[in-house]
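Worksheet: one structure, shown below.
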Protein chains: 2
Amino acid sequence: MIVNQKVNFMTVQQMAQLDATFSALSDGTRRAIVARLADGETTLSDLAAPFDMSLTAVSKHLRVLSDAGLVDIEKRGRTRHCRLRGAPIKEAVDWLSKYESFWIDRFDALARHLAKEENEK
Amino acid sequence: MIVNQKVNFMTVQQMAQLDATFSALSDGTRRAIVARLADGETTLSDLAAPFDMSLTAVSKHLRVLSDAGLVDIEKRGRTRHCRLRGAPIKEAVDWLSKYESFWIDRFDALARHLAKEENEK
DNA sequence: ACTTTACTCAACCATTCAGTTGACTATAAT
DNA sequence: ATTATAGTCAACTGAATGGTTGAGTAAAGT
């Protein structure tokens with residue numbers, strides 16, 4: 001089985017990591033959790049409090065974030081303490097940054113402008 | 001109906017845009033399409049060629065990217081020409097950047113190091 | 001005029017996802 | 001010893017996702 005196959009200069013693992021990161025962050029609740037954790041470590045109950053959903057639901061969200069490697073969960077007595085991990089986020093930023101302020105937007109604007117001029121002749 | 005409600009200094013629209021952007025990018029096929037479009041404008045058929053799936057499937061992926069505002073699709077005769085738009089990507093990068101190189105990782109590393117020392121005593 | 005190309009659309013399918021509830025477990029507090 | 005707290009787990013639901021196929025349409029090539 002080929003596991004280290006590269007697609008577009010990217011290993012399958014890196015692809016999977018990006019899948020996990022982006023899909024973890026595609027949910028507003030989970031982004032809120034990330035934002036909250038940026039203010040410091042917290043327990044699951046504390047995290048869940050502001051949300052209008054069951055503890056189980058938040059626990060599941062947290063699990064998604066944890067599986068994606070975005071947060072660390074540490075069991076301490078009967079509480080779970082969660083904190084943010086920056087590494088996978090950095091990978092996502094690195095990927096995105098390639099396409100961010102892309103010249104294409106400026107080209108678009110120009111193309112539209114020319115098309116409009118053409119129509120108005 | 002409240003439409004401009006702000007949650008954590010972010011409008012619901014901005015939240016929805018981030019939802020759309022991250023979830024659009026959570027699929028490898030769609031990220032490949034974005035990467036491909038960074039090399040320049042292409043038609044749907046051209047885009048679809050390298051993928052081992054139906055044209056319909058790729059068309060759907062493209063629709064997702066278009067709905068998320070990540071690509072522009074322009075009908076020209078019987079072909080659809082697609083190009084990348086940088087703006088929503090920039091928003092995603094801006095959001096992510098807040099949490100990227102977070103001090104927490106360094107703290108983690110330190111904590112783990114100390115814990116290890118403790119164990120080795 | 002006929003055929004091919006480049007799609008779209010609708011219907012369907014299997015899987016995943018976000019949420020629920022109710023029962024359970026382990027730790028901490030009284 | 002009992003009770004409350006913090007959380008997990010399994011089972012269920014409804015909606016969304018990623019894919020398929022087959023039929024249809026509009027433009028281009030011959």
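Letters A, B, ... mirror the listed sequences (proteins, then strands); counts begin at 1.
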For [X], check salt bridge (Lys or Arg N to Asp or Glu O under 4.0 Å) against everything at least two apart and list the hits.
X: B:Arg63; answer: B:Asp67
X: A:Glu74; answer: A:Arg76, A:Arg83
X: B:Asp94; answer: B:Lys90

Test your reading of the model: is there a side-chain donor-acceptor pair from A:Arg85 to the backbone of A:Gly69, 3.5 Å cut-off?
yes

Test B:Leu84 against B:Asp72 for side chain to side chain contact (heavy atoms under 4.5 Å, CB included), laying out the working first.
CA-CA 6 Å; B:Leu84 203 57; B:Asp72 264 357; over 6 Å; no

Partner set under side chain to side chain donor-acceptor pair (under 3.5 Å) for [X], not counting sequence neighbours:
X: B:Arg36; answer: B:Thr42
X: A:Thr79; answer: A:His81
X: A:Gln14; answer: A:Thr11

Less than 3.5 Å apart, which donor and acceptor atoms pair up between the side chains of residues 50-62 of chain A and the rest of the protein, not counting sequence neighbours?
from    : atom 1 : to      : atom 2 : distance (Å)
A:Ser54 : OG     : A:Ala57 : N      : 3.1
A:His61 : ND1    : A:Arg30 : NH1    : 3.1

I need a per-nucleotide contact map over nucleotides 10-21 of chain D, read 5' to 3'. Cutoff is protein heavy atoms under 4.0 Å; write B for the base, S for backbone only, - otherwise.
-B------SBBB

Mind listing the N/O atom pairs, protein and nucleotides 24-28 of chain D, below 3.5 Å?
from   : atom 1 : to      : atom 2 : distance (Å)
D:dA27 : N3     : B:Arg78 : NH1    : 3.4
D:dA28 : O4'    : B:Arg78 : NE     : 3.4
D:dA28 : O4'    : B:Arg78 : NH1    : 3.4
D:dA28 : O4'    : B:Arg78 : NH2    : 3.2

Distance under 4.0 Å to a non-hydrogen atom of chain B counts as contact; along DNA chain C, which nucleotides mark the start and end?
C:dT4 to C:dA11

Taking 4.0 Å as the cut-off, does a side-chain nitrogen or oxygen of A:Thr79 come that near to OP1 or OP2 on D:dA6?
no

Can you give me every donor-acceptor pair (side chain of residues 18-25 of chain B, partner residue at least two apart or in another chain, under 3.5 Å) with its distance?
from    : atom 1 : to      : atom 2 : distance (Å)
B:Asp19 : OD1    : A:Arg31 : NH1    : 2.9
B:Asp19 : OD1    : A:Arg31 : NH2    : 2.8
B:Thr21 : OG1    : B:Gln17 : O      : 2.8
B:Thr21 : OG1    : B:Gln17 : NE2    : 3.0

